[in-house]
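Please read the structure below before turning to the comments.
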Amino acid sequence: MTTAITTNTSRRQFIIGSSTIAAGLAIGFDFGVMAEAHAAMGTGTTSMAPLATPEIGVWVVVKPNDDVVVRIVRSEMGQGTITGLAQMVAEELQCDWKKVSYEYPSPAESLKRKQAWGSYSTGGSRGIRTSEQYVRKGGAAARMMLIQAAATQWGVPAAECIALNSVITHTPSGRKTTFGKVSVAASQLAVPTDVPLKDPKDWTLIGKPVNRIDGVADKVTGKQIYAIDLTMPGMLVANIRQCPVFGGKVKSFDATKALSMKGVKKVVQVGDTAVATIADTFWHAKTAMEQVNITWDEGANANVSSATIKKTLVEGLTAKDVFVGNANGDIEAALAGASKTVEATYFYPFLSHATLEPQNATAKWTPEMCEVWAPTQDGEASYAAAIAASGLPADKCNVYKVNLGGGFGRRGAFQDFVTQSVLVAKQMPGTPIKLIWTREEDMTHDHYHPVMMCKMTASIDAKKQVTGLNMHLSGQSILATVRPAVVASNKGKDPAVFQGLDAGGEHSISYSFPNLNIVHAMRNTSVPPGFWRGVNVNQNAIFLETFMDELAEATGMDAVEFRRQHMQKFPRALNVLNAVADGIGWTKPAAPGVYRGLAQMNSYGSPVAAACEISVTNGTDVKILRIVAATDPGYAVNPAQIERQVAGSFVYGLSALFEEEITIEKGAVVQQNFDTFNSIRLYQMPKVETIIIQGGGKEWGGVGEPTIAVAAPAVLNAFYRATGKRLRDVPLKNSGIKLV
């Protein structure tokens, strides 16, 4: 058993320790605190293990009735991560899948075990692929312990016993017992260190489209409890308003009128930038907030606008102060010797995450204990935020994860909602307070998809061969704001800007050119950037894949054949391209009035491609008739979930293409709700046909984000074939184009 960390753990010690997580196995931890916390919530969202129930390693609890509880630390946001992780544990455990449920260990418990459960972060399409090794080993180790317990009881070698469907059998004699009958004895054994895993060819559960285990029926009927739904005895509700100008502060406020209103308990300042009202209901808190007279110190950014930002980006397109992301050959010589050059300039806007559930968290603070209930993508980041805001040591704090009503990157690296909830709760000690942002606050105080422009230039020789490609990015860096240490370690460069364009790795480019130069002129703004589902590959795919179509036309080649010519060194990427070309019937004539486009990209370790068929009326009204999508995640844990993720990703990608943008006036966000930051509707959503290719080897790629990027360029390429117009600025609504 790992030793517990002493109770004088400092906030600094925790934050440092949580950045160097190492997965491991341990047994015998008391889950009482966690069970009591969830009982107080009354959520029913997890299946909590009673104190007397033995755990078999840190990942598995086996009850006497053979029910299996799998511990999950990644967050569920609708993507099916819980089910996929449980499948992998159950595959190696050899338990009865029908008896599997799950629970969330809190980060405080993980800290006491020296981060035994590994990373809590759920983002970058890493929920499955970066934990598959150790969660499978957790299931395999538990199986070995259960078998050893049964073998010891029978007085036979463990090698003579097998486990299947929660039953252990001694093969020579035929004797049988169940997991539940030997779980107590198994929990007393040392966790094995040499834990072999199944060969993928022997998998019976991984790769199957099993039903989800996270209460789909409750979501359909509205019984599912999200963080915004929490109720507790004596709980109050807070609403918050922050300075609308980024970087601004509270100068003063008058709460006299608000304090006289029904249900209002208190009006408080939150840090330097916000004011909160605390009342008995959300409505009372919200209406009171409207009566608080706040004077803002708007600071230096009050004159920033979308126009001033774009002017800065345009200057960056020809700037020399650039960071090289990927280069080979001599691009200047190629351009100088070209028989023909092709150029195109693109713009991609700020975007809000627009989670259906606005930011919120519930906190209860006393001088002895701080507890937070939060919809978080990273329980440890929330824990660190709670510790820092509480002023208490780590062992006096805890965070309980509640299922999220959308994340998309907003609730991972950014824990402002957790920090604020604790700061508010500290001003009414002993009272649980649920802080809820309004939709307007959520949309105007996001951490936005970065704004970016790009100038593409290619050289073509007399034989109509592309001899060079120059890609000049100009725009914001996420990491310069969120993780400046990463930028500093790369001599000022943000490597994430080049997603899908790298020379190698999980975001490598899938084309070869004799001369290549991809650079970034970093032009940061006052608008805070963030990780928005898919992140930088979204705009990079538009820039590269629509330009590839332009180059195909300039060289007189078919768009697919042109790509194939430059993809010979990338067989997995070529496979997904060929799959969607075949699926859409690329070589066959389309029906009258139907036009096709396609795109491919590699990101998060998964080559993906999409091909679409569209029709266009009056040159402006686009109907997407069909999308064929191919994805190669290396291994498919749950094909049904992959299909849903791919289809869902196109909703996100197409909404951004046609409707969504965040603009700035006088230093503040203009769009405040879904009437001005729109999403496509169900009737506009095309049929999506998903092709899953398993590249195998040692590759585990992502699923939730990669295909977002190929939706937009595929449609843009089809639109050109339908109208003869190249659209290079997003969103298309600004060009009078709409989805019907």
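Heavy-atom basis, side chains included; hydrogens, waters and symmetry copies ignored. If you read the sequence from its start, that first residue is 1, and numbering goes on from there. Computed from a predicted structure; not experimentally measured.
- More than 12 non-hydrogen atoms from other residues, nucleotides or ligands lie less than 6.0 angstrom from NZ of K219.
- Nearest heavy-atom pair across D395 and Y383 is N-OH, 4.4 Å.
- Put simply, the side chain of Q672 never gets that close to the backbone of M443: no donor and acceptor are under 3.5 Å apart.
- Using a 30° and 60° split on the angle between ring planes, H445 and F246 fall in the perpendicular class, above 60°.
- When side chains are defined from C-beta on, I309 counts as touching F350, because their heavy atoms get closer than 4.5 Å.
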| message | Run the side chain to side chain contact (heavy atoms under 4.5 Å, CB included) test on R241 and W296 for me, step by step, so that the C-alpha distance in whole Å, both residues' side-chain angles and the decisive distance to 0.1 Å come before the verdict. | response | CA-CA 11 Å; R241 181 170 294 174; W296 303 108; 4.0 Å; yes
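- For F408 and H353, the gap between ring centers reaches or exceeds 6.0 Å.
- With N538 contributing its side chain and V535 its backbone, the two residues share a donor-acceptor pair below 3.5 Å.
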Under the side chain to side chain contact (heavy atoms under 4.5 Å, CB included) rule, what do I664 and I662 come out as? Steps first, then yes or no, please.
CA-CA 7 Å; I664 308 297; I662 290 294; 4.3 Å; yes
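- Taking every heavy atom of both residues into account, V637 and G84 meet most closely at CG1-O, 3.6 Å.
- Q641 places no side-chain N or O within donor-acceptor distance of the main-chain N or O of N638, the cut-off being under 3.5 Å.
- With a 4.5 Å cut-off on side-chain heavy atoms, S101 and V70 do not count as touching.
- Within the 4.5 Å cutoff, the side chain of V703 has no heavy atoms near those of the I128 side chain.
- Here the closest heavy-atom approach between residue A258 and residue V267 is recorded as CB-CG2, 4.3 Å.
- Taking a 6.0 Å sphere around NZ of K249, one finds it holds 12 or fewer heavy atoms contributed by other residues, nucleotides or ligands.
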Exercise. Take V250 and T273 through the side chain to side chain contact (heavy atoms under 4.5 Å, CB included) test and state the conclusion after the steps.
Key: CA-CA 5 Å; V250 175; T273 63; 5.6 Å; no
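- The residues R71 and E103 are annotated as salt-bridged, a charged nitrogen and a carboxylate oxygen being separated by less than 4.0 angstrom.
- Under a 3.5 Å cut-off, the side chain of D446 and the backbone N or O of Y448 do not form any donor-acceptor pair.
- Counting heavy atoms from C-beta outward, H284 and M261 have side chains that stay 4.5 Å or more apart.
- Counting all heavy atoms, side chain and backbone alike, P731 lies closest to A656 at CB-O, 3.9 Å.
- In this structure, W59 and V135 have side chains that are in contact, with non-hydrogen atoms separated by less than 4.5 Å.
- Residues Y652 and W532 place their aromatic rings such that the two centres sit under 6.0 Å apart.
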Side chain to side chain contact (heavy atoms under 4.5 Å, CB included), that's the test. Do L85 and S131 meet it? Break it down for me. CA-CA 8 Å; L85 289 169; S131 55; 3.4 Å; yes
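- When atom types are taken as modelled, the side chain of D297 and the backbone of G299 share a donor-acceptor pair closer than 3.5 angstrom.
- The shortest side-chain heavy-atom distance between F282 and T438 falls under the 4.5 Å cut-off.
- Counted by atom type alone, T256 and D254 present one or more donor-acceptor pairs between their side chains at under 3.5 Å.
- For Q420 (side chain) and V418 (main-chain N/O), no donor-acceptor pair under 3.5 Å exists by modelled atom type.
- The pair R212-E76 meets the salt-bridge criterion, since a charged nitrogen lies less than 4.0 angstrom from a carboxylate oxygen.
- Without hydrogens or angle criteria, Y120 side chain to S106 main chain gives a donor-acceptor distance under 3.5 Å.
- Between the side chain of S649 and the main chain of V646, a donor-acceptor pair closer than 3.5 Å is present.
- Every residue was checked against the side-chain hydrogen bond (donor to acceptor under 3.5 Å, both in side chains) condition with T122, not counting sequence neighbours, and none meets it.
- Scanning both residues, G379 and P107, for their nearest heavy atoms gives O-CG, 3.4 Å.
- Remark: the backbone N or O of I228 is paired with a side-chain donor or acceptor of K434 at under 3.5 angstrom.
- S125 and E705 share a donor-acceptor pair across their side chains, judged by distance under 3.5 Å alone.
- A donor and an acceptor atom, one from each side chain of K401 and S75, are located under 3.5 Å apart.
- For the pair W365 and M428, the minimum side-chain heavy-atom distance is 4.5 Å or more.
- Of the inter-residue distances, the one linking I225 atom CD1 with T231 atom OG1 reads 7.0 Å to the nearest 0.5 angstrom.
- The closest donor-acceptor contact from the side chain of E660 to the backbone of L657 lies at 3.5 Å or more, if one exists at all.
- No hydrogens or angles considered: a donor-acceptor pair under 3.5 Å links the side chains of S655 and S679.
- Between N536 and Y348 there is no side-chain heavy-atom pair separated by less than 4.5 Å.
- Results of the side chain to side chain donor-acceptor pair (under 3.5 Å) test with R410 over D416, T355, D442 single out D416 as the only residue that passes.
- A donor-acceptor pair shorter than 3.5 Å cannot be found between the side chains of N301 and E298.
- Checked by atom type, the side-chain pair Q499/S603 shows no donor-acceptor distance below 3.5 Å.
- V424 pairs by the side chain to side chain contact (heavy atoms under 4.5 Å, CB included) definition with A238, V270, A276, I278, I433, not counting sequence neighbours.
- Within a 6.0 Å radius of CD in E290, more than 12 heavy atoms belonging to other residues, nucleotides or ligands are found.
- Closest heavy-atom contact between P375 and N403: CB-O, 4.3 Å.
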